[in-house]
Amino acid sequence: MKKVKKSDINKLKDYLWEIPMSFRDDMKVPARALAVESLLDDIIEDRSLSQLVNVATLPGIQKASLVMPDVHEGYGFPIGGVAATRYPDGVISPGGIGYDINCGVRLLTSTLKIDDVRDKIEALSKEMYAQIPSGMGKGGHIILSEEQMNHVLTTGAEWAIENGYGIHEDLTYIENKGKLMEADSSMVSEMAKKRGTDQLGTIGSGNHFVEVDYIDKIYDEDIAKAYGLENRQMVVLIHTGSRGLGHQVATDHIRIMMNAMAKYDIKLKDRELACVPFNSKEGQNYFKAMCAAANYAWCNREVISWEARKAWGTIFGEAEANLKLLYDVAHNIAKIETYTISGKQQKVIVHRKGATRAFGPGFEELPQAYKNAGQPVIIPGSMGTCSYVLAGTEKSKDITFGSCCHGAGRRLSRTAAKKEVNAPVLKEKLKERGIYIQSGSFKGIAEEAPIAYKDVNLVVETVHASGVAKKVAKLKPVAVIKG
DNA sequence: ATGTTC
């Protein structure tokens with residue numbers, strides 16, 4: 001595979017770079033990277049830009065294959081990538097969505113200020129760790145019957161609320177109200193359902209976590225007010241997805257697609273880009289299964305919120321347990337959306353893999369309170385650094401198919417991170433800075449160390465400067481619960 | 001990311 005060098009890349013703006021179609025004769029559109037130059041110099045080191053060029057060859061791809069500033073290499077497609085293919089005959093590719101279907105984040109706001117509760121943070125971190133199951137393969141307290149599983153897969157977050165694990169008001173503040181209508185539970189294999197039987201309300205491992213933060217800085221007073229954010233306010237950030245169930249859905253359908261591709265005469269440089277036309281039988285079946293797994297993930301984050309609320313009730317009392325959902329966004333998902341392409345309205349299948357939707361003001365699905373502000377975009381940083389709340393913009397539709405970055409983005413591989421980091425020492429150092437890490441695994445702490453990640457400040461500066469999202473608030477962590 | 005490499 002021809003490696004992408006700096007000299008192959010044209011600078012379009014200070015934060016926008018393009019690999020032109022002349023780079024490789026099989027490219028159907030140019031490949032673009034949103035990044036300030038110092039991040040680009042990091043990005044060029046791994047295979048993510050070569051992967052981006054591969055994506056630009058997919059049947060039906062529109063306008064450009066894109067990566068966000070937090071990009072790094074992934075399975076087939078780079079993580080931090082956006083690819084829109086023509087509806088309905090362009091391809092859908094599970095690799096463009098990711099194994100963790102509807103991995104995403106949500107932010108809950110509290111009525112407490114950090115300065116009033118410093119002395120309770122360590123106890124809070126322990127109580128949250130006790131209430132929220134975490135770790136590889138770990139199950140939770142809810143065991144779903146076959147019938148309940150089918151309900152979760154078709155109704156998403158609603159299931160949690162109807163069964164006493166959530167608050168009805170939350171639904172208004174979840175992307176797609178926590179339920180994709182196209183879901184079909186019969187497209188989810190028995191194996192996938194089995195893996196998901198006891199994993200509702202669990203965070204898993206890797207970069208998944210539940211975190212307590214406080215608002216350290218407000219950049220946009222008006223939008224912060226609309227979102228209900230105030231300086232020093234404590235919030236809860238939840239990052240996880242569809243667990244073993246989503247992983248199995250991806251595994252099952254990638255295998256099916258690899259066998260079906262020849263039938264549709266699709267030939268690829270990298271078999272990890274396995275894809276079929278969206279309107280083919282296999283494409284539809286995957287999409288329906290993906291939607292079902294996405295619903296499972298929304299239900300999962302709703303149940304985890306219930307567990308977090310329980311822990312807050314134990315530590316601070318009933319009145320303070322009423323954490324309010326600011327917003328819940330997916331960053332591993334495919335959506336059918338409409339954009340202006342070459343001057344005309346065109347429906348596309350937008351693949352977002354490690355990319356957050358970032359729609360601007362006026363978007364009809366937004367709750368009334370956010371109509372003028374735009375969709376909240378939640379960007380978790382690396383463990384122990386900081387995170388951001390941003391607001392989507394109208395401009396994101398022109399530049400990134402309504403998308404934004406999803407986090408800091410990995411810089412070192414997990415193996416490299418483990419070599420560099422002494423986890424017990426890191427944990428102690430963070431504690432000295434008032435950040436309590438609760439984790440069952442030192443290996444997990446090492447892999448997620450700040451040094452393993454890009455500088456989230458630069459990532460956020462890039463998206464802010466490019467206009468795809470606006471900075472609203474900066475969050476600082478005080479407690480992290482992880483696998 | 002993941003009952004850690006279909």
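Below, read A as the first sequence line, B as the second, and so on, with proteins coming before strands; counting in each chain starts at 1. Just so we're clear, the structure is a prediction, and the values are computed from it rather than from any experiment.
At whole-Å resolution of the value, CD1 in A:I256 and C1' in B:dC6 are 13 Å apart. Atoms CZ (A:R243) and P (B:dT2) sit 5 Å apart, rounded to a whole Å. Rounded to whole Å, atom C1' of B:dT2 lies 13 Å from atom CG of A:N332. One atom, CD of A:E448, and another, P of B:dT2, lie 11 Å apart when rounded to the nearest Å. Summarising the geometry, the separation between CD1 on A:I97 and P on B:dT2 is reported as 17 Å, rounded to the nearest angstrom. Distance, A:K482 NZ to B:dT2 P: 11 Å, rounded to whole Å. The interatomic distance linking A:I203 (CD1) with B:dT2 (C1') rounds to 15 Å, in whole Å. Rounding to whole angstrom units, CG of residue A:D252 and P of B:dC6 are separated by 14 Å.
Checked by atom type and distance alone, the side chain of A:R411 never pairs as donor or acceptor with a backbone atom of A:D455 at under 3.5 Å. Between the side chain of A:N332 and the backbone N or O of A:C103 there is no donor-acceptor pair closer than 3.5 Å. Proximity of a side-chain donor or acceptor of A:R106 to a complementary backbone N or O of A:L326 within less than 3.5 Å is not detected.
Out of B:dT2, B:dC6, B:dT4, the shortest distance to the side chain of A:K443 is found at B:dT4. Picking from B:dC6, B:dT2, B:dT4 the nucleotide with the shortest atom distance to the side chain of A:S205 gives B:dT2.
Within the 4.0 angstrom heavy-atom criterion, only backbone atoms of the sugar-phosphate kind lie near A:Q199; the bases stay farther away.
Each of A:G206 and A:I254 was matched to the nucleotide of DNA chain B holding its nearest heavy atom; the match closer to the 5' end belongs to A:G206. Comparing A:Y75 and A:K194, the nucleotide of DNA chain B nearest to each residue sits closer to the 5' end for A:K194.
A salt bridge is absent between A:R357 and A:E337: the closest approach of a Lys/Arg side-chain nitrogen to an acidic carboxylate oxygen does not fall below 4.0 angstrom.
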